[in-house]
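Values reported hereafter were calculated over all heavy atoms of this structure, with side chains retained and with hydrogens, waters and symmetry mates removed. Letters go in sequence order (proteins before strands), and every chain restarts at 1.
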Amino acid sequence: MSGKIQAIRGMHDILPEDTPRWQHLEALTRSLLDTYGYQEIRLPIVEKTELFQRSIGELTDIVAKEMYSFEDRNGDSLTLRPEGTAGCVRAGLEHGLFHNQVRKLWYMGPMFRHERPQKGRQRQFHQIGVEAFGLPGPDIDAEMILMCARLWQRLGLANLRLEINSLGTPESRAAYRKVLVDYFSAHQDQLDKDSLTRLENNPLRILDSKNPDMRPLIDDAPEFSGYIDNESVEHFQSLCEYLDRQQLNYVINSRLVRGLDYYGRTVFEWITDDLGAQGTVCAGGRYDGLVEHFAGQPTPAIGFAMGLERLIGLMESSTNRLPDSDPHAYLIIAGDEFRAAGLALAESLREQLPWLRLVTHLGGGSLKNQFKKADKSGARLALVLGADEAASQEVSIKSLRDQAEQERIGQNSLAVHLAARLQAV
RNA sequence: GUGACUGUAGCUCAGUAGGUAGAGCCCCGGAUUGUGAUUCCGGUCGUCGUGGGUUCGAGUCCCAUCAGUCACCCCA
């Protein structure tokens, strides 16, 4: 019996105080995706380890050291999903969803990465992922980005910066990678420790180094613009034109690489400076080769994921109000002998007013105590049923939020009265 | 994985040069035996994160461990 049981490190409970904000975020996103023609897909949280190894990339941090992997009873290696795209592609292939057709899908749920927790970074976190399959052109790239912008607007989030870049085709990127490796290898003595390991794993990431001492070396490095293929350039230019036409602000960040191996061509990130070091709130890009990589037909694809904890963090400082979730009314029962009548009255009201948020006081107690609970619940009105009311088939109604006079209403006209009174406010 | 700081009632925190814990909020009761939110009075609440060690004695010092926070790294 020593020690209390605690949640796993980096895995947090989302408490009743916070769930209204989550529900609001989820509901707004759902309805927006619906209006853009996306369909929900629900996916397992556990997949074969191999799925992630083969899609995300063996050398990425996610696969190399952050996966929650374990052995199934039959010896298979399974993994708690660290991201959603791989599972979505797997499911789509398994059920033939991509066969000669366009698919626009979304999913929502927890992801798991064994990282050191810090602000905006947990071991279990939540994403909404959005994927579009079968569309090769830059129009879908633009629409996805514009859809994000619309979501931020509806959520009341400002101060989000859009950064975009093109990674080109795998071939052009490989050519550039080789040039970069040659360049940095020739100056190995000037590389810091992190950059030396990146030279092995992901040389493009060296360009992203935050170490000011590396600045001169990086500034002199060869630019990708000399190696990117023409088609990718055209694709990117069209995307920029579409965004310009909608007057959406963005910055082209030629250093923007994405962490996962499957990205190519368009990549984008929505970034905030209000959340500390983990400022990326939403990010994605094209992954035209991934479906084919899993033995499917060549299928162009693009997708992005939003980090819900990070968005919630921004919503907390937003002035946008959440939908009201306090009870409309609180039923006070004065006298234990009226409990049955109270329950009956409440059920009758629910029958007549399905939208009514009504809390019935359970467990008895003094009238004073029940009024305290009514006030604390946030309810607008207190309904009182006691000996006097029962005798005349009435209910007393007292406003808890203003000075309106308390009144007595016949029980059979109560629903009509409440409907008028609550909807007038 | 590396580093810094932190861990005392449900919550926010105090705790002086080491001498076996305190405040506010919350909750409950009363001042009005059918009326809340204000006011006044009273009350409950802790193995001081956990495990060792030093000491006559540790919330206070040391070590370990767990967790939180922030940064590096990485990423949503």
Atom pair distance, as rounded to whole Å: NZ in A:K373 and P in B:rC27: 9 Å
Selection: residues 389-409 of chain A, any non-hydrogen atom under 4.0 Å of RNA chain B: A:E389, A:S396, A:K398, A:L400, A:R401, A:Q406
Nucleotide B:rG36, atom P - distance to NE2 of A:H361 in whole Å: 14 Å
Pairing of A:D273 and A:R161 as salt bridge, 4.0 angstrom limit: yes
A:E115 bridged to A:R123 by N-O distance under 4.0 Å: no
Rounded P spacing from B:rG10 to B:rG46 in Å: 8 Å
B:rC61 and B:rU8, which share atom name P, separated by this distance in whole Å: 15 Å
Any side-chain donor near an acceptor of the partner, A:H187 and A:D220, under 3.5 Å: no
Sugar-phosphate, base or nothing in reach of A:G120, heavy atoms under 4.0 Å: base
Check: A:R121 side chain, B:rC70 base, donor-acceptor under 3.5 Å: no
Same-atom distance (C1') from B:rG24 to B:rA17, integer angstrom: 28 Å
A:K119 vs B:rC70: side-chain N/O to OP1/OP2 distance below 4.0 Å: yes
Cationic tip of A:K376 above A:F371 ring, under 6.0 Å, 45° of axis: no
Which nucleotide in B:rU69, B:rG34, B:rG36 has an atom nearest any side-chain atom of A:H12: B:rU69
Touch class at under 4.0 angstrom, heavy-atom based, for A:R113 against every strand present: base
Whole-Å gap separating C1' (B:rU65) and CD1 (A:I8): 15 Å
Euclidean distance for P, B:rU35 against B:rA9 (whole angstrom): 38 Å
Stepwise side-chain contact (heavy atoms from CB on, under 4.5 Å) test for A:M214 and A:D192: CA-CA 8 Å; A:M214 301 274 302; A:D192 62 15; 3.8 Å; yes
Residue closer to the 5' end of RNA chain B, A:M11 versus A:A283 (nearest nucleotide): A:M11
Expected output: side-chain A:Y330 to main-chain A:G378 donor-acceptor under 3.5 Å: no
Heavy-atom pair with the smallest gap, counting every atom of A:L256 and A:E269: CD1-OE2, 3.3 Å
Under 3.5 Å donor-acceptor pair, A:R310 side-chain atoms to B:rC75 base atoms: yes
Whole-Å distance separating the CD atom of A:E115 from the C1' atom of B:rC73: 9 Å
Check: B:rC73 base within 3.5 Å donor-acceptor of A:Q118 side chain: yes
A:D288 side chain vs A:A301 backbone, donor-acceptor pair below 3.5 Å: yes
C1'-based separation of B:rC73 from B:rG3 [nearest Å]: 12 Å
A:K178: salt bridge (charged side-chain N to carboxylate O under 4.0 Å, His left out) partners, not counting sequence neighbours: A:D182
A:V384 vs A:D375, nearer the 5' end of RNA chain B by closest nucleotide: A:V384
Pairwise P distance, B:rC25 and B:rU38 [rounded to whole Å]: 10 Å
Contact check, side chains of A:L180 and A:R177, non-hydrogen atoms, under 4.5 Å: no
Interatomic distance, A:L308 CG vs B:rC75 P [rounded to whole Å]: 19 Å
Euclidean distance, atom NZ of residue A:K376 to atom C1' of B:rC28 [Å, nearest integer]: 13 Å
Sugar-phosphate only, base, or nothing, as touched by A:G10 at under 4.0 Å among non-hydrogen atoms: sugar-phosphate
Length of the line joining A:E309:CD and B:rU69:P, which is rounded to integer Å: 12 Å
Atom-pair distance (CD on A:Q370; C1' on B:rG34), nearest Å: 10 Å
What N/O pairs connect the protein and nucleotides 29-32 of chain B at under 3.5 Å? Give each pair on its own line.
| unit_1 | atom_1 | unit_2 | atom_2 | d |
| --- | --- | --- | --- | --- |
| B:rG29 | OP2 | A:N369 | ND2 | 3.2 |

Euclidean distance for C1', B:rC11 against B:rC27 (whole angstrom): 12 Å
Nearest-angstrom distance, C1' atom, B:rA23 to B:rC66: 29 Å
Phosphate contact (B:rG1 OP1 or OP2) by A:R116 side-chain N/O below 4.0 Å: no
Aromatic ring pairing A:H126/A:W22, orientation class (parallel under 30°, perpendicular over 60°, tilted between): perpendicular
Sugar-phosphate only, base, or nothing, as touched by A:A387 at under 4.0 Å among non-hydrogen atoms: base
A:D141 and A:T266: side chain donor to acceptor below 3.5 Å: yes
Nucleotide nearest A:P117 (side chain, heavy atoms from C-beta), chosen from B:rC74, B:rC72, B:rG68: B:rG68
